[in-house]
Asker: 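To start, I am sharing the structure in question, which I have written as structure tokens.
Positions are given from 1, in the same order as the sequence printed here.
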Amino acid sequence: MRLNRSILLGTIGILATCAAPQWSFAQSPGGTVVITTTQVPRHFNGAVQSGIATAVPGAQIFASPLRYDDNWNPQPYLARSWETSPDGSSVTMHLVKNAVFHDGHPVTSEDVAFSIMAIKANHPFQSMLAAVDKVETPDPYTAVIRLSHPHPALLLAMSPALMPILPKHIYGDGQDLKAHPANLKPIGSGPFRLTKYKQGEYVTLEKFDKFFIPGRPKLDRIVLRIVSDPNAALVSTERGETNILPFVTGVRDIERLQKAQNLVVTNKGYEGIGALNWLAFNTRKKPLDDIRVRQAIAYAANRDFIVNKLMGSKAAPSTGPIAPGSLLEEKNVETYKFDLAKAVALLDAAGYPKRADGSRLSLTIDYLPGGDEQQRNIAEYLRSQLKRAGINLEVRSAPDFPTWAQRISNYDFDLTMDSVFNWADPVIGVDRTYLTSNIRKGIIWSNTQQYSNPRVDEILAAAAKETSPEKRKALYSDFQKIVVSDAPIYFINAVPYHSAFSKGLGHLPTTIWGVMSPLDELSWEAPPKT
């Protein structure tokens, strides 16, 4: 199975048949759900790092101000109501009064204020809360977010995967939040509490009896089972030993799961993610500091072959930084349709003539470990394809995510395949890749391409505060045209995420955040078949 591991945080493999615990589904009325994942969480604090490895369990452990339905509508969660000031300079949240953390402490506006400012200071998405100046707490159940300018993405940023509310009485002790011991023993106010984490094997989450929404959660237990053997994960799901297998991207894997009589397979639940698969360039490293070399590689790569042949037309092509299907997507950009003659001409102009052996230059290409169809296979294809233009590519693998992330975030690369999320709004998930201010060494999924264009910085700053949908769309249209022309990235495809669920499960997590939403409504409507 080609499970995408775009947020993979280390991999310690176990086979489905290894000595992991065996969980029964009939030990209590609510039952247990097993989610199999290839993601190994480094820790569970989504306030200081992004990614599905943290977000899936984190959304169960921590509650957030808002949650979202499948139509992109914000719904009450810790905030029972909220309002934005007429001038857009503040958002006031009115909190529920019966929420408590797993240790019994009440959730108050002080926790909300502490968490928002902690996320602003520590989260890799610097643009996400850049407009937040401060959070006022006029009473224990009112939090007023003061903004330096209108922030059209703020409500989306209040989602479970992006704004976990931390207990100030634990995290406010002066320790570095990124290395805080509570990150591995988290206390939140979500529907489930962490009871055990065995690194690289499983996470056990138990029902929190004092959860603030009456009658929830429906389940007694969620087990996140970490399986690095792709075929073992498939077999486990087909046999009913796994009840949810999310983030499946392999074309053959999807088709195989669709044939299983005991499963429901859907691509719903990923709308908020906006995952793109692309080839990134180190724009400050020769010869890739020359736009002509980057454009030459784009013309030689042949996106159509990758999407139609390697991916069997299951993945939508991507031609720019905003995901296909978004209302902000600009389709009128340079598509870099395969043109070998143009690629060769650009290399000649850049000063890389054809040598006696037919080569012009040599580069190394990396790829995210774990995603064969979306990553390794494309890297291997590009190795043979770019040779036609005289570019010798050496494919460099990484044994695990930390190794790859260390290389890329410290600029130790020429080219790399990557998979990066839009995170629902450009301010949250797109700007970070292109802002000059977000060139942050050592931080993965920042501007690791080291791309810098002052005009792009200006446009993104304006779009981040523009409240008119028409004007905002026009700004992002200009942004996309410039970025595609500058070619810090060669865009390939939208990642075709699918999930497989055991039949008998009700209230499936198919809202815009999928399994990165609280699973408090998930329940067994019929006994699982095992």
Asker: Taking the side chain from Arg432 and the backbone from Ser127, do they hold a donor-acceptor pair closer than 3.5 Å?
Answerer: no
Asker: Counting only heavy atoms not in Gln261, do more than 12 fall under 6.0 Å of its CD?
Answerer: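 No, CD of Gln261 has 12 or fewer neighbouring heavy atoms, counting only those of other groups under 6.0 Å.
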Asker: Answer yes or no: is there a donor N or O on one side and an acceptor on the other, between the side chain of Arg42 and the main chain of Pro402, under 3.5 Å?
Answerer: no
Asker: Are the charged groups of Arg67 and Asp520 less than 4.0 angstrom apart, N to O?
Answerer: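 Between Asp520 and Arg67 there is a salt bridge, with a charged N closer than 4.0 Å to a carboxylate O.
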Asker: Salt bridge or not for Arg407 and Asp366, using N-O below 4.0 Å?
Answerer: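 Yes, charged N to carboxylate O under 4.0 Å.
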Asker: Do Arg472 and Leu328 make a side-chain contact, defined as non-hydrogen atoms from C-beta onward lying under 4.5 Å apart?
Answerer: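 Arg472 vs Leu328: side chains touch.
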Asker: Is the distance between the ring centroids of Phe421 and Tyr270 under 6.0 Å?
Answerer: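 So the answer is no for these two rings.
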Asker: Which of these, Ile226, Leu224, Leu205, sits in a side chain to side chain contact (heavy atoms under 4.5 Å, CB included) with Tyr197?
Answerer: Ile226
Asker: So, Arg396 side chain and Thr364 main chain: donor-acceptor pair closer than 3.5 Å or not?
Answerer: no
Asker: Does the side chain of Ile306 come within less than 4.5 Å of Met311's, by heavy atoms?
Answerer: yes
Asker: Are the aromatic ring centres of Phe192 and Phe208 under 6.0 angstrom apart?
Answerer: no
Asker: Does atom NZ of Lys473 have more than 12 heavy-atom neighbours from other groups under 6.0 Å away?
Answerer: yes
Asker: Give me the one residue out of Tyr68, Tyr77, Trp423, Trp513 that meets side chain to side chain donor-acceptor pair (under 3.5 Å) with Ser159.
Answerer: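 Single pass found, and it is Trp513.
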Asker: What heavy-atom pair brings Thr38 and Val227 nearest, and what distance separates the two atoms?
Answerer: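 Taking Thr38 first and Val227 second, the nearest heavy atoms are CG2-O, 3.5 Å.
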Asker: For the pair Thr448 (side chain) and Ile444 (backbone), establish whether a donor and an acceptor sit closer than 3.5 Å, ignoring hydrogens and angles.
Answerer: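 Answer holds: no.
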